[in-house]
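Whatever order the structure lists them in is the order used to number ligands and atoms, beginning at 1. For clarity, every value in this text was computed on a predicted model and none was experimentally measured. The figures that follow rest on heavy atoms only: side chains count, while hydrogens, waters and symmetry mates do not. FYI, the numbering just counts along the sequence from 1.
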Amino acid sequence: MNTVTNESTKASPKIGTRANVSANKTANKTFLELTQLGMRYPTAQGDFVALQNVNFTIKQGEFISLIGHSGCGKSTVLDLIAGLQIPTDGGVIVGNKEVSGPGPDRAVVFQNHALLPWLNVYQNVELAFKQVNKGMSKKALRPAVMHYLDLVQISHAADKRPDEISGGMKQRVGIARALAMKPKVLLMDEPFGALDALTRAHLQDALMAIQAELKNTVIMITHDVDEAVLLSDRIVMMTNGPAATIGEVLDVEIEKPRNRIELANDETYQHLRQQVLRFLYEKQRKVEPITSSEKQRVA
Ligand SMILES: Nc1ncnc2c1ncn2[C@@H]1O[C@H](COP(=O)(O)OP(=O)(O)OP(=O)(O)O)[C@@H](O)[C@H]1O
């Protein structure tokens, strides 16, 4: 398959000449490819072209953020990689294999964590772990599953059911469950979107530490510019739909591990932040249609 990348559309914030910087510069192997990816949805008014001509390659161990205005097609891209939907044009390749449906090599973490309410924290993670570790002895199983609870610091709540823990704790379980499947790709759809700022910061730090240890490839949708710059190796910025595509790609050349407090005054960080904001609010400015209830309020 002929792969076209959007290198030509990359933004050029090559400021901050810190020498290499991104841990993943060493991991050069491309293993995820989006090629001429397109998605049309049939509607009563005819086909709606949500995505068109999305071309991108991702290396093993990279942390990619997808950012763009609401409705531009970020979740559709993630669904296509997860195999939850099949593209109407082009394709997705993960590890030399074309995606034709969901698989344990791609785990998804949703904003609403989707835990099974009748299972406790341990059992929720165990269920995922067993999918990819069939036939493990009971004796070996418990410590292996507890390892993932430890990773997200939730072991103390192993026996609690989802309705007995906070939103932040549920999200930790969701991440542990995804990691327990040892996926090649971790797909995250606004994983921290519903959390308060402090819990969000804790989980971002936890995710950075986990990724440094496990070297997972992560693709994360976010609406949070700071989160994108803090966590990513590259930020993929999408144009507004219909027929949305990749507008610009930003390299985040800031040394890892990153410290949010030190970054606050970092020139490169500030510059990258501005690049994303400029893309979203100048180049891809989106005017939301005013709703009838808002019209009434204004009147
Ligand atoms: N099943 C569907 N049928 C018709 N249109 C759809 C369908 N699913 C998504 N769309 C449309 O495709 C476009 C992209 O949707 P998508 O959910 O991928 O956007 P998004 O960027 O993830 O949005 P948000 O940030 O609000 O979650 C939107 O215009 C949406 O209305």
What atoms in ligand 1 come closer than 4.0 Å to a heavy atom of T76?
-> 14 (C), 15 (O), 16 (P), 18 (O)
Kindly assign one of parallel, tilted or perpendicular to the pair Y148 and F129, based on the angle between their ring planes and the thresholds 30° and 60°.
-> tilted
Residue and atom name of the nearest protein heavy atom (relative to atom 1 (N) of ligand 1), distance in Å to one decimal | Y41 CD2, 3.5 Å
Please indicate whether any nitrogen or oxygen in A50 is less than 3.5 Å from any nitrogen or oxygen in ligand 1.
-> no
Is a salt bridge present between K256 and D233, judged by a nitrogen-to-oxygen distance below 4.0 Å?
-> yes
Distance-only N or O hit between ligand 1 and C72, under 3.5 Å = yes
With a 4.5 Å heavy-atom cut-off, do V125 and V173 have their side chains touching?
-> yes
Can an N or O of H223 be found at a distance shorter than 3.5 Å from an N or O of ligand 1?
-> yes
Are any of the N or O atoms of K74 closer than 3.5 Å to those of ligand 1?
-> yes
Closest protein heavy atom to atom 31 (O) of ligand 1, given as residue, atom name and distance to 0.1 Å | F48 CE2, 4.9 Å
Look up atom 6 (C) of ligand 1 and tell me if a protein heavy atom lies less than 4.0 Å from it?
-> yes
Looking only at N/O atoms, are G73 and ligand 1 under 3.5 Å apart anywhere?
-> yes
Taking all heavy atoms of L203 and all of R172, pick out the closest pair and write down the distance.
-> CD2-CG, 3.3 Å
Salt bridge present between K97 and D105 (N-O < 4.0 angstrom) = no
Any heavy atom of G71 sitting closer than 4.0 Å to ligand 1?
-> yes
Grab the two heavy atoms, one from A228 and one from I67, that are nearest each other, plus how far apart they are.
-> CB-CD1, 4.3 Å
When you measure from atom 17 (O) of ligand 1 to each heavy atom in A44, S75, S70, which option holds the nearest one?
-> S75
State whether any protein heavy atom lies less than 4.0 Å from atom 29 (O) of ligand 1.
-> yes
Between D189 and K74, does at least one N-O distance fall below 4.0 Å, as a salt bridge requires?
-> no
How about F279 and H69: are their ring centroids closer than 6.0 Å?
-> no
